[in-house]
Structure formats: C-alpha cells, structure tokens
Amino acid sequence: MKITLKDGSYKEYQDGLRVMDIAKDISEGLARVAVGAKVDGKVVELNQVLNKDCTLEILTFKDDEGKRIYRHTCSHILAQAIKNIYPTCKLAIGPAIDDGFYYDIDFKTPIAVEDLANIESEMKSIIKANYPLERFELPREEALKLMKGYKEDYKVELINDLPKDATISFYKQGGFTDLCAGPHLPSTGYIKAFKLLSITGAYWRGSEKNKMLTRIYGTCFDKKSDLQEHLQQLEEAKKRDHNKLGRELGIFMTDEKIGQGLPLLMPKGAKLFQILNRFVEDTEEEAGYVLTKTPYMAKSDLYKISGHWDHYKEGMFVLGDEEKDSEVFALRPMTCPFQYTIYNNGLKSYKDLPKRYGETSILFRNEASGEMHGLIRVRQFTLSEGHLIVRPDQLEEEFAGCLALAKKMLTVTGLIDDASFRFSKWDPNNKEKYIDDPEKWEEAESTMEKILKDLGVDYKIGIDEAAFYGPKLDIQIKNVYGKEDTLITIQVDMFLAERFDMTYIDEKGEKRRPYIIHRSSIGCYERTMALMIEKFAGAFPVWCSPTQVKILALTDRNVEVCKDIAKKLKAAGIRCEVDSRSETIGYKIRGAQQEKIPYMLIIGDKDVEANVVSVRRRGEGDLGQMPLSEFIDKVLNDISTFRLD
C-alpha cells in the first residue's frame, strides 16, 4: 500500500500495518510523541490497522486533535478511578474539552472537593498499571445487555438514542469498560501529567427537567512543566473571572428571587453599559444606520412567517397556550422580523437601497440552567442589532462595511487581538434545524465564501453552526478559562425576504427580492462587558471607565476646592467623583486603587496655593503637579484616542 505523508512524500508498506508501526518507521522520536493520526482526514488511534492506499498525518499533543485524544483517554481513567472507589455510582458522559476534560457522574452519596485527592491517587495507580485500551464493537441488543448488566442506566439511554444502524463501540482498560466512539491512546500509561480541578453540578443532557449530576473537571498535559504553567494561568484567570471581579467591583449582581440568567447592572455597570451604548449608536448613525424601536414581544403569527416558530420555539419564552388561547405571544429572541415589517411599510425603489436599520435590542432566549454564566450567557440580554436590506450588487460592499464596523468596536474595546473568525455553514444532514432549500444554501454559502476571500478574512469553518436561515461569519472570543463564545455575527440571508414578501423596484420597473445582512456591531453588551472585565482585570480604559477621575481632598479645608475642580472636569465631559471623607490620604488612595480608577487628583494646601493639581495615574503612579487645564487636555486625549493602557 502507498502511504502519502503530510509533506507530500510517500512510502510503500505491506498491508496490515498499524499506524504506530509506520510512525516508528518514519522516526523513533516521532513514535515516542505520537498520540494518534489522521487517515484520509479522519482522526484514528495509533492501533488502527491500514490496508489500503491513504494519506497519513501523525498527531502529537501539539495538534488540537491530538490533545482531544489524550484528554479523552484521561477522562476514561477518571471514570475508572471513580468506579473503583464508588462502585454504586452511575456514569453519564465524559468528553474532552478545549482545555481538559470532564465526567458527569450520578453519585449515591455526594462528594466534595476534598475527595478529589483520593480520586487522583487512584488515577495515578491506573496510569502506572499501563492498561491497554482495547476497542470492541457489539450489536445493539448485546450492547444494551452489557450496560444493563453494569447497571449503567445513562449508557443504556445513550445506546437507545443511537440510530439503529449505528456502530456501537466500547473501550476496555483493565477491569473497566465504557461506551465510547474513541479514538484513544494505546494505553493508560501514556498520560504524563494531570490534575483534577473542580466539582460542579450539571443537569443530565443540559436540561433542568432531568436529574442534577456531579461534574468533575480536570486537565492533562504531556509534560509536567506545561501542566504547572497551565495551573498558574488558571490562578490568574480566577483573579480576572468577570463573575467574581464584576461583583466585587459593583458592576453587576444576581438574586435568586429574580432568577438565573437575569443579572442586575449596578450603577457602575449601568454607566459602562450607557457609555458603550451611546458610542455604538453614534458610530452607527455616522455609518448610515437609521434607528428603530420595536416591541419586546409579538404574536406567534410573526414568528411562524420568519421560521422561528418551527426552528427556534424551544429557545423562546412563549406566553399562552396554543390549544387554549386565541392569541399566543412570545418574547422576541431577535429583532429581524420586526425590522422587515418596517421595511415593508411603503414601496421601495432600487435607489432607496441599501436600507440600514439599527436597534439596541433587548432580547430573550430560554437558555438551559446549566449554561448560565455571569454576564456571558444570560436569558435577557441586549444586542447591538442591525439588518441591511441591499441589492445583490451591494452585498459585498455592505458586508465589508459591517466587518469594518465590527473590527472598530473590537479595537476600541481592546478585544481585537483575542478575536478569531468562523465561517459557519449549515449541515445538510440536519435539515430539521434549517430552512430546507439546498440550492439557496449553496448560493448563500458560495456568495459568502467569495466575499470572505475577497476581504482576506482568515477563518475556520464550522459545520452545523449556521443560523437556521443562512450562513454567517462568527467573531469568536475566549473567556479567561479558554471557553469560546460568539461575540459578533454577520449573516447573509437569502430566505427571509421571500417569506416576508420583501421587494424593491429595479431600474427596469420590475419587482426584485433584496438580499439581507443580519449583523451586530459590538455584539451582546453584557457579553462584551464580561470580556472587557476579564481583559482589563476591571481596570477599564479611560474612555469607558465609569469614573475617570477621583479627586481626593488632603484635608477638610480642601473639600470645596475639590468640588470646584469636579465642576470644571464635568463641564469638560470628564466623569469624576470627590472623596471628601475624613480619612487619611493613604486610605483614600488605596480605596481609589481598589476601585481601579484611572486618574487621581490629590488636592492639598500647596496645590491650592500654586493653582495646580497633583496627579496620579493607574499603573504609572505619581505624575507630579500640573495646571488643571493641562490635566483636562491629557484626559481628553486619552478619551479621543481610545487609549487602552
């Protein structure tokens, strides 16, 4: 057989060799670090036997696919250790994730963080034993019998949910067997360094209607030094976690009586929101957007036209009962059908296009309880939403304008260097999720692909990540723990104009269907705020800091002068506060530092006599004395240039 390698070279071997055998032939060093392979693009394990011509890429821990193989195996070691210690527990699922792995378990008796050390010790014994991971397959009935024999109810449910013709595979290591598609490492001894990190609750299959399970998170690496570095990064992440820091700084709070996913923005958070919102709306107006204001709810009739009722109803808050009520309403999950209704109010000419509608939209989505996280994933959120109705010949130029606007927002918020791009496509095999019109999907995706190529966008492809009505460019950002979320989207829609009977009159006097671009500029405000808290560790840039200057009176004699300075700063458009408490100046400085205020002005008798202000800047310390007018110019320059440090 002919094996074509990653560099384009090829080797010939006898049929029936394992991937590991070929890795050893290429290089003993490569074989030592190999964890899996890609054969004709499919990820396989090192024990995979090859019997025909193919392309082969050996995977190491440096490859994303290699990390997943490595970490998935560690999740099985965790499961075996737990079953050894807690034989009455029931296993649910245990996947690899971006920065490690987890396993969901149904314990008869709850466990605590203190129990992780004992589980780790058992895992080390399993790794030392170097059990081979042996794959085998069973017919459905035998697979069910095996898992019922082990009293693994969750595994039985998973098998029953598999297609009738599915390959049902298992992996055995020592005396432990788990339902799994693989691939895995050849043996448990491959794991070099791991750490169990935390325990949390997780509903079975993410639904609050199901039982709450115990989720144990862990991570692993092929080098102890890399594990230590990662653990240090996690400690830093905990300090920056917006869910912790945002509450400590008085930016937001939650309350059980109000409910999950419904955060309360406190005065500082509300001010930050207002600053971002005003900037976005002003910038969009300069870019030619017109503002709309639409209802928070609508009758089901509207969502049936748009397709949300068929494709998104489970994610909506529905008000009423279709079987009992003559009218059923739902809180809006997005604004598009409302703005299309505005567009349809009156005939449009080709000269009227593009129409750029923008709105600061409060939206509602029925996220699962287990998915809620601070400001990043909530049930009520605010989106810088917009829809552009364009002629076909305007599509690329307008798409480019949306992308430029999004990049500007990422730049001023300091998130541009953390952003990545994903071209999200539909999955023809998952037609229930999408409007089923393959020809239009092909047209929409090929059109968008050309636009992205023309604009030089460096993107990854995400299959089955599209909106139900069209492909999209997702701008992705990771939080401090490495979990990736979509912040901004730009979507090409070739379906909904027809559904809403949207038209314009072309230069020949004939009716034509427009194209639609769904887009956001700064994304979800709450999520953006969360990412900014983590990016800057709560020390916001001057331009968007809720309080830009704190004025500290050295003695009670200086309070009135401080208040007069505050009036002048406010008149110049600078947000400031006066600390007139009868405390030591050191105490006041520490307080301002804890609040992460960008600038402090310290006013004493000598400053008053010299008609100057003593300036301290966050991160720089004492800047000395300067005239107030010079300080005002300095702050205004920081604001106008969107200085980030």
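For the numbers below, each heavy atom of this structure counts, side chains included, while hydrogens, waters and symmetry mates do not.
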One thing to verify: whether [Y] and [X] come together as a salt bridge, which I'm taking to mean a side-chain N less than 4.0 angstrom from a carboxylate O.
X: Glu152; Y: Lys83; answer: yes
X: Lys90; Y: Asp106; answer: no
X: Lys433; Y: Asp427; answer: no
X: Glu157; Y: Lys211; answer: no
X: Arg356; Y: Glu284; answer: no

> Yes or no on side-chain contact (heavy atoms from CB on, under 4.5 Å) for Tyr343 and Tyr504, after CA distance, side-chain angles and deciding distance?
Replying inline: CA-CA 10 Å; Tyr343 175 85; Tyr504 68 93; 3.7 Å; yes
[atom1]/[X] to [atom2]/[Y] distance, rounded to the nearest 0.5 angstrom?
X: Leu353; Y: Tyr515; atom1: CG; atom2: OH; answer: 13.5 Å
X: Glu137; Y: Glu142; atom1: CD; atom2: CD; answer: 12.0 Å
X: Leu146; Y: Lys148; atom1: CG; atom2: NZ; answer: 12.0 Å
X: Cys336; Y: Asp493; atom1: SG; atom2: CG; answer: 8.0 Å
X: Thr177; Y: Met147; atom1: OG1; atom2: CE; answer: 6.5 Å
X: Asp418; Y: Glu484; atom1: CG; atom2: CD; answer: 11.5 Å

> So is Lys313 actually on top of Tyr303's ring, under 6.0 Å and inside 45° of the axis?
Replying inline: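 Judged by the rule, Lys313 and Tyr303 form no cation-pi pair.
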>> Centroid separation under 6.0 Å, is that true for the rings of His518 and Tyr469?
In response: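 Between His518 and Tyr469, which both carry aromatic rings, the centre distance is below 6.0 Å.
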In the structure I gave you, are the side-chain heavy atoms of [X] and [Y] within less than 4.5 Å of one another anywhere?
X: Tyr296; Y: Arg332; answer: yes
X: Glu534; Y: Lys478; answer: no
X: Ile475; Y: Tyr459; answer: no
X: Ile119; Y: Tyr86; answer: yes
X: Leu213; Y: Trp204; answer: yes
X: Asp301; Y: Trp309; answer: no
X: Asn366; Y: Arg379; answer: yes
X: Arg499; Y: Ile435; answer: yes

> What's the verdict on ring-ring contact (aromatic ring centres under 6.0 Å, His included) for Tyr340 and Phe500, showing C-alpha distance, side-chain angles and the deciding distance?
Replying inline: CA-CA 7 Å; Tyr340 301 161; Phe500 280 87; 5.4 Å; yes
Mind listing the closest non-hydrogen atom pair of [X] and [Y] along with its distance?
X: Tyr312; Y: Pro333; result: CE2-CB, 3.7 Å
X: Leu265; Y: Ala270; result: CB-N, 3.9 Å
X: Ser306; Y: Pro337; result: CB-CB, 4.2 Å
X: Lys472; Y: Glu465; result: CE-O, 3.0 Å
X: Ile159; Y: Ala143; result: CD1-O, 3.8 Å
X: Gly374; Y: Asn243; result: CA-OD1, 3.4 Å

>> side-chain hydrogen bond (donor to acceptor under 3.5 Å, both in side chains), that's the test. Do Arg527 and Thr486 meet it? Break it down for me.
In response: CA-CA 9 Å; Arg527 186 171 290 179; Thr486 300; 5.6 Å; no
> Looking at Lys38, Arg71, Lys42, which one forms a salt bridge (Lys or Arg N to Asp or Glu O under 4.0 Å) with Glu65?
Replying inline: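 Among Lys38, Arg71, Lys42, the one that satisfies the salt bridge (Lys or Arg N to Asp or Glu O under 4.0 Å) with Glu65 is Lys38.
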>> Determine whether Asp99 and Tyr481 satisfy the following criterion, side-chain hydrogen bond (donor to acceptor under 3.5 Å, both in side chains), listing intermediate values before the conclusion.
In response: CA-CA 8 Å; Asp99 58 351; Tyr481 294 107; over 6 Å; no
>> side-chain contact (heavy atoms from CB on, under 4.5 Å), that's the test. Do Leu158 and Leu162 meet it? Break it down for me.
In response: CA-CA 7 Å; Leu158 291 172; Leu162 291 171; 5.8 Å; no
> Parallel, tilted or perpendicular: which fits the ring planes of Trp426 and Trp441, with parallel below 30° and perpendicular above 60°?
Replying inline: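 Taking Trp441 first and then Trp426, their aromatic rings lie parallel (interplane angle under 30°).
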>> One pair to check against side-chain contact (heavy atoms from CB on, under 4.5 Å): Asp474 and Phe421. What are the steps and the verdict?
In response: CA-CA 6 Å; Asp474 289 323; Phe421 298 90; over 6 Å; no
Please check if any side-chain donor atom of [X] sits under 3.5 Å from a side-chain acceptor atom of [Y], or the reverse.
X: Gln339; Y: Thr294; answer: no
X: Ser420; Y: Gln476; answer: no
X: Ser520; Y: Glu385; answer: no

>> Quick one, Phe338 with Thr292, criterion side-chain contact (heavy atoms from CB on, under 4.5 Å). Give me CA distance, side-chain angles, the key distance, then yes/no.
In response: CA-CA 9 Å; Phe338 298 87; Thr292 64; over 6 Å; no
